[in-house]
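Contents: one structure, followed by commentary.
Numbers restart at 1 for each chain; the letters A, B, ... are given by sequence-line order, proteins then strands. Keep in mind that the numbers below use all heavy atoms, side chains included, and drop hydrogens, waters and symmetry copies.
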Amino acid sequence: MECRVLSVQSHVVRGYVGNKSATFPLQVLGFEVDSINSVQFSNHTGYAHWKGQVLTADELNVLYEGIKLNNVNHYDYVLTGYTRDTSFLETVVDIVQELKRLNPKLVYVCDPVMGDQGSMYVPENILPVYRDKVVAVADILTPNQFEAELLTGRKISTEKDALEVMDLLHQMGPDMVVLTSTDLISPHGGQFLVALGSQKMVRPDGTTSTQKIRMEMPKVDAVFVGTGDLFAAMLLAWTHHHPKDLKAACEKTVSVLHHVIKRTITYANKMAGPGKRPSPAQLELRMVQSKKDIEYPAIVVEAIVL
Amino acid sequence: MECRVLSIQSHVVRGYVGNKSASFPLQVLGFEVDSINSVQFSNHTGYSHWKGQVLTADELHVLYEGIKLNNVHHYDYVLTGYTRDTSFLEMVVDIVQELKRANPNLVYVCDPVLGDHGSMYVPENLHPVYKNKVVPVADIITPNQFEAELLTGKNISTEKDAVEVMDLLHKMGPDTVVITSSDLPSRLGDRFLVSLGSQRTLMPDGTKSTQRVRMEIPKVDAVFVGTGDLFAAMLLAWTHHYPNDLKTACEKTFSVMHHVIKRTISYAHELAGPGRKPSPPQLELRMVQSKADIEDPAIVMEATVLTL
């Protein structure tokens, strides 16, 4: 397999978020990963302390220029996640557009990270850049419910709302949308959360059809950081192998997350000791230890085709 | 296995040098790798063009402070390679010394990158820093012949010279020394280069014993970048698994190198086409494709234990 990904995300010295979360799993699955580190921090910002440096939009451009001058600016995928800076994000869009001119088949996997549970955790002025520029060039989008509502201006209270929001997102650009988590009620009860996916495909006769799926995932009583980055990276990998089968791609992706999270929470609880809540350091994803699950994820969730 | 490495090396967007060369193989072998990127460049400096940014000694210190404030500055290994800045290197030494106070069992694996084939390719003022400050705190060093000569002030013309130089290096600090390549003539002919290793261990009765090994490595007609970084990382891994058996650690390490290089040169020639010299992008190590060889290297060469 000869597949090259350009991933533009954070780097942390310790732990697994951003490029640290995405790179190893993709490499283990045989992808060539070129990574531009948008920041270098000691660790993610959920710890008591964090320190480091950020890359400016100009510096991002300089790095891309280096790649371009050597005529190696040829990618099959671009992957982006958490960004706080509008000019940085706009430079990413310019780069994606140029890379798409060079390779019209390029797939841009975009996690439009803006917030969760009703509140934004990036500057507000990021929203119009995602809404008006980024989503338009994205091919695969992995918003949570809050981000999907922000991007479309529509609230989601029922599954029907969610399907309509995904259709609106298709109209804005991406042929594949996965609502990675929602507040929708699961038929299995309150210990499960509902995720939904939608893939638009063109039939041989030129008409479009959409496959929509729903998945129920067991909730875990802990805050993990980097799981969204792992999700987007694994969705990239599994849609690469199952380009017309969102059900299979999502089952694999969600299953990998399940195995990694399960291993992580077990270890974290062990490190913390009985009755104590694990710390952010203890909750770092057990990425390296999950290599086999990343390579060959046992399917533990079934996606229902709607 | 619960083993944490702090690796302070370059990052390149594309290709496999520095941390890009060291991290994936170590992670694949189950090591937790914390990585501080000393630079971020588009690609290595052997391409026609390269662009990027460097980390200052202060910025390195700031990152380390973040780790320390969270009380997670506990490492089993430190790994360093190509550096061009003396104050950066001095900051690395300070960090290693503090980490050793926090964990006296910490092993510092140091590739003292200074040059090759008789000429330096870093600023000259790095030489005294390596000699006087870095090597004394190193536990494993991987100099080539030129670097070993520079660090000890002694020339190597025979295997006997090389053994004496490795003994001098032991006296300076590290208990494990591998001269990764030399100009010494190989018993197998001029298609092979000679590497040597020496490991000093403390016996139960308090005396020191030294195991010395020689390896004959097939030469490859190409310039690879990042192979030294891969070598140091894999020597870390295999000495971890064989802490008192330099012979086995070297056989595994050199075997991994062989497999990766062989796969790389085949692919590079395929890309370049018949009769053409592959370009630097084409010669990038086939790291991801070599995962199985990294995990479980088939041994393809035997280290000879020297009896002196």
Count the heavy-atom pairs under 4.5 Å between each of [options] and chain B, then report the option with the highest count.
options             : result
A:Y16, A:Y64, A:W50 : A:Y16
A:V12, A:L6, A:V13  : A:V13
A:T23, A:N71, A:V62 : A:V62
A:E59, A:Q27, A:E65 : A:Q27

Exercise for review: Using modelled atom types only, decide if a donor and an acceptor are shared between the side chain of A:Q53 and the backbone of B:E59 within a distance under 3.5 Å.
Suggested key: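 Yes; at least one donor-acceptor contact below 3.5 Å.
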
Point to revise | Any donor-acceptor pair under 3.5 Å from A:H49 side chain to B:N71 backbone | key: no

Review point. For A:S42 and B:G66, which heavy atoms make the closest approach, and how far apart are they?
Key: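 Closest heavy-atom pair between A:S42 and B:G66: OG-CA, 3.6 Å.
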
Review point. Looking only at heavy atoms, what is the nearest atom pair of A:K20 and B:S35, with distance?
Key: CE-OG, 3.8 Å

Select one option (side chain, backbone, both, neither) describing which atoms of [X] are under 4.5 Å from chain A's heavy atoms.
X     : value
B:L6  : side chain
B:F41 : backbone
B:K20 : side chain
B:N37 : both
B:L55 : side chain

Review point. Do A:N70 and B:P281 touch side chain to side chain, with heavy atoms closer than 4.5 Å?
Key: no

Check your understanding: Taking atom CG of B:L60 and atom CD of A:Q40, what is their separation to the nearest 0.5 Å?
Key ->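 If we round to the nearest 0.5 Å, B:L60:CG and A:Q40:CD are 9.0 Å apart.
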
Study note, to complete from the structure: Interatomic distance, CG@B:L29 vs NZ@A:K291, rounded to 0.5 Å, equals 7.0 Å

**Study point:** Candidate list B:I36, B:L63, B:V33, B:I67, test side-chain contact (heavy atoms from CB on, under 4.5 Å), partner A:R14, passing option
**Key:**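 Going through B:I36, B:L63, B:V33, B:I67 one by one, the side-chain contact (heavy atoms from CB on, under 4.5 Å) with A:R14 is satisfied by B:I67 alone.
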
Contacting region of [X] [heavy-atom separation from chain B under 4.5 Å]:
X      : answer
A:E295 : side chain
A:K68  : neither
A:A281 : side chain

Review point. Which residues from residues 96-104 of chain B are near chain A, with near meaning under 4.5 Å between non-hydrogen atoms?
Key: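 Residues in range: none.
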
Check your understanding: Taking only heavy atoms into account, what residues of residues 282-294 of chain B are found under 4.5 Å from chain A?
Key -> B:R286, B:V288, B:Q289, B:K291

Review point. side-chain hydrogen bond (donor to acceptor under 3.5 Å, both in side chains) between A:Q289 and B:E32: does it pass, once the steps are laid out?
Key: CA-CA 9 Å; A:Q289 298 76 10; B:E32 282 284 0; 3.2 Å; yes

Practice item. Quick one: do B:L69 and A:Y47 satisfy side chain to side chain contact (heavy atoms under 4.5 Å, CB included)? Show the steps, please. Key: CA-CA 10 Å; B:L69 282 166; A:Y47 284 58; over 6 Å; no

Check your understanding: With a cut-off of 6.0 Å (strictly less than), are more than 12 heavy atoms of other residues, nucleotides or ligands near NZ of B:K51?
Key -> no

